[in-house]
Amino acid sequence: MKKIRTRFAPSPTGYLHIGGARTALFNWLYTRHHGGEFILRIEDTDQQRSTDESTKAILDAMTWLGLNWDEGPYFQAQRVELHREMVQKLIKEGKAYYCTCTPEELEEKRKQALATGKKPKYDGMCRDKNLKKTSGSVVRFRSEQTGSTVVEDLIKGQIVFNNEELDDLIIERSDGYPTYNFAVVIDDALMNITHVIRGDDHVNNTPRQILMYQALGFDVPQFAHVPMILGSDKTRLSKRHGATSVMAYKEMGYLPEALVNYLVRLGWAHGDQEIFSQKDLIELFDLDAVGKSPAVFNPEKLLWLNAYYIKESSPERLREEMKSLWPAGINTDDTDFTQKVIADLQPRVKTLAELADMADFYFADEIKYEEQAAKKFLTADVSPYLKALIETILSVQNFSKKVLEEFLMNFTKEKNIKFKIIAQPLRVALTGKTVSPGIDEIMVTLGKERVYRRLQKAINYIEKQN
RNA sequence: GGUCCCAUCGUCUAGUGGUUAGGACGCCGGCCUCUCACGCCGGAAACCGGGGUUCAAGUCCCCGUGGGACUACCA
């Protein structure tokens with residue numbers, strides 16, 4: 001059996017977006033599952049819109065997601081000689097021809113056809129004129145006009161097209177560069193791509209591509225068209241629907257495995273399973289379980305998965321991931337302390353950005369109280385407890401969770417009060433907020449020194465208020 | 001307009017002729033509890049419509065309807 005070879009072929013006209021990432025992911029998983037080779041090819045034949053920055057951004061995003069490639073990146077624009085050779089071959093064989101219709105003429109005809117309710121396809125004006133190359137001329141593929149072309153799609157099943165629906169599309173522009181539909185055929189054929197897995201916005205291109213494979217005498221690869229990802233209004237996902245750039249999710253504090261896990265479940269399922277490691281996916285993924293219908297992108301579920309993976313991660317790993325996310329002015333040089341902070345917070349956040357935000361009170365030299373919180377909990381009647389606490393807390397030798405739990409329990413027992421009575425005041429004293437990790441956790445992380453200082457500050461604050 | 005694709009809870013989906021139509025996110029209620037979150041338990045919530053085929057249809061066929069894609073010297 002022939003070795004499976006797939007490719008991901010983005011055009012470098014922007015960042016890698018969610019839809020492209022899923023297409024890449026499906027290609028990658030299919031290839032890894034079957035032990036094939038995954039090729040990356042940059043389709044930059046549109047000289048106007050392609051940029052190096054985009055190429056770099058796409059590569060970065062692929063790398064971040066863990067989608068490594070075995071060959072490439074190839075650049076389509078560097079292969080134009082190859083494409084031109086193939087164009088000449090077709091012309092020589094009478095399978096392509098020069099056309100001198102101007103874009104303006106064509107546009108006019110299109111408009112007219114549409115206005116009179118006719119098909120807006122190329123009318124074949126230059127088809128049999130046997131024209132020579134001239135300035136401004138393009139090359140068109142002489143497409144079949146009769147019969148039908150069948151696409152055997154691995155996801156959609158058999159799709160039949162009447163060839164009369166197809167027109168003679170341009171394969172070489174007047175600037176000498178090949179158009180997408182031609183270059184993609186040449187490159188896929190020459191790179192021995194066996195499986196073309198791409199978005200289903202390409203299904204209508206497929207019959208004409210098949211005709212070109214045949215005209216050139218190439219083997220036709222297998223096709224698999226994956227359904228689109230839609231926004232909440234069921235139209236194609238775009239910026240209007242929120243962040244669509246893969247790297248934007250990194251910046252918002254998402255873990256790559258969360259995005260991967262989310263993306264793979266858009267259109268693919270394995271029974272009732274929701275959580276998949278990369279290893280699981282390589283083992284389980286195949287095209288036969290990919291659905292046919294489009295999926296709406298649901299940020300809430302992504303968030304849930306992200307929270308799950310944050311909880312599952314080690315604080316060490318998270319500290320690495322968070323390096324670019326801390327706000328300015330926060331000193332995370334103390335790795336031990338920083339990791340403890342992360343460990344306290346990781347079960348209660350959905351993104352790492354949220355974690356960074358929530359961690360401010362740990363790092364602050366002078367914590368500031370939320371107005372309502374201080375007003376409600378830092379009151380004269382709790383002052384005696386705080387004073388009693390600060391007197392004894394210095395005697396606690398080992399600031400561990402177990403010891404502190406015991407210490408606090410003894411303290412409340414001695415004072416004959418419920419822990420509830422001092423919990424929120426203590427929390428406000430220590431964090432400035434009414435919401436935080438457990439009192440004992442905070443105290444352990446903060447350490448004796450900081451706890452002492454914050455208690456002292458709270459006592460002073462209460463005195464000043466009265 | 002033409003061509004093509006698609007159709008199970010709000011969303012992601014399981015389901016391949018016989019199920020109380022299952023799971024997940026979100027939502028609601030409860031438990032846990034020092035707050036919050038986690039976790040656990042429970043709840044509301046779906047087969048687009050109409051015709052067939054069949055003893056039997058979410059599942060097969062046809063027609064509607066709805067949504068989407070393509071229809072470029074973009075990819």
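We use all heavy atoms of the structure for the numbers below, so side chains are in, but hydrogens, waters and symmetry mates are not. By convention in this document, chain letters (A, B, ...) are assigned in the order of the sequence lines, proteins followed by strands, and residues within each chain are numbered from 1.
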(request) Sticking with atom C1', work out how far B/C48 lies from B/U54, rounded to a whole angstrom. (result) 23 Å
(message) Just to be sure I understand the rule, does A/K311 reach a base, reach only the sugar-phosphate, or reach nothing, if contact means heavy atoms closer than 4.0 Å?
(response) sugar-phosphate
(request) Answer yes or no: does a side-chain N or O of A/K420 lie under 4.0 Å from OP1 or OP2 of B/U35? (result) yes
(message) In whole Å, measure the gap between the C1' atoms of B/A46 and B/G22 for me.
(response) 12 Å
(request) May I ask you to evaluate whether A/S293 reaches the phosphate of B/G68, defined as a side-chain N or O under 4.0 Å from OP1 or OP2? (result) no
(request) Could you work out the separation of B/C61 and B/G17 based on their C1' atoms and round it to a whole Å? (result) 14 Å
(request) Report the nucleotide, chosen from B/U13, B/C4, B/C38, that has the shortest atom-to-atom distance to any side-chain atom of A/K350. (result) B/C38
(message) Please check: side-chain N/O of A/R140 versus main-chain N/O of A/D168, any donor-acceptor pairing under 3.5 Å?
(response) yes
(request) Would you kindly check whether a donor in the side chain of A/R348 faces an acceptor in the base of B/C38, or vice versa, at under 3.5 angstrom? (result) no
(message) Tell me if the side-chain of A/E274 makes a donor-acceptor pair with the base of B/G23, cut-off 3.5 Å, by modelled atom types.
(response) yes
(request) Just call it for A/P227: base, sugar-phosphate, or nothing, with non-hydrogen atoms closer than 4.0 Å on any strand. (result) nothing
(request) Could you please name the partner base of B/C38, counting Watson-Crick and G-U wobble pairs only when both distances are under 3.5 Å? (result) none
(message) Less than 4.0 angstrom between a side-chain N/O of A/R236 and OP1 or OP2 of B/A69, yes or no?
(response) no
(request) State, with a plain yes or no, whether a side-chain heavy atom of A/Y74 is found less than 4.5 Å away from one of A/M191. (result) yes
(request) Can you tell me, in whole Å, how much space there is between the P of B/G51 and that of B/G58? (result) 14 Å
(request) Starting at atom OH of A/Y369, determine the distance to atom P of B/U35, rounded to an integer number of angstrom. (result) 21 Å
(message) Taking the basic N atoms (NZ, or NE/NH1/NH2) and the acidic carboxylate oxygens, is any pair closer than 4.0 Å for A/K433 and A/D360?
(response) yes
(request) Would you mind checking if A/E107 and A/K111 are paired as a salt bridge, meaning a charged N to carboxylate O distance below 4.0 Å? (result) no
(message) Under 3.5 Å, is there any donor-acceptor pair linking the side chain of A/S174 to the base of B/C73?
(response) yes
(message) Just to be sure I understand the rule, does A/D440 reach a base, reach only the sugar-phosphate, or reach nothing, if contact means heavy atoms closer than 4.0 Å?
(response) base
(request) Tell me whether the OP1 or OP2 atom of B/C6 has a side-chain N or O from A/K234 closer than 4.0 Å. (result) no
(request) Tell me what A/V138 touches on the nucleic acid: a base, only sugar-phosphate, or nothing, going by heavy atoms under 4.0 Å. (result) base
(message) Check this for me, if you would: do A/R41 and A/E43 make a salt bridge, where the nitrogen-to-carboxylate-oxygen distance has to be below 4.0 angstrom?
(response) yes
(message) Students often get this wrong, so: under 4.0 angstrom with heavy atoms, is A/T13 touching a base, only sugar-phosphate, or nothing?
(response) nothing
(message) Please report the distance separating the P of B/C60 from the corresponding atom of B/U8, rounded so that it comes out in whole Å.
(response) 13 Å
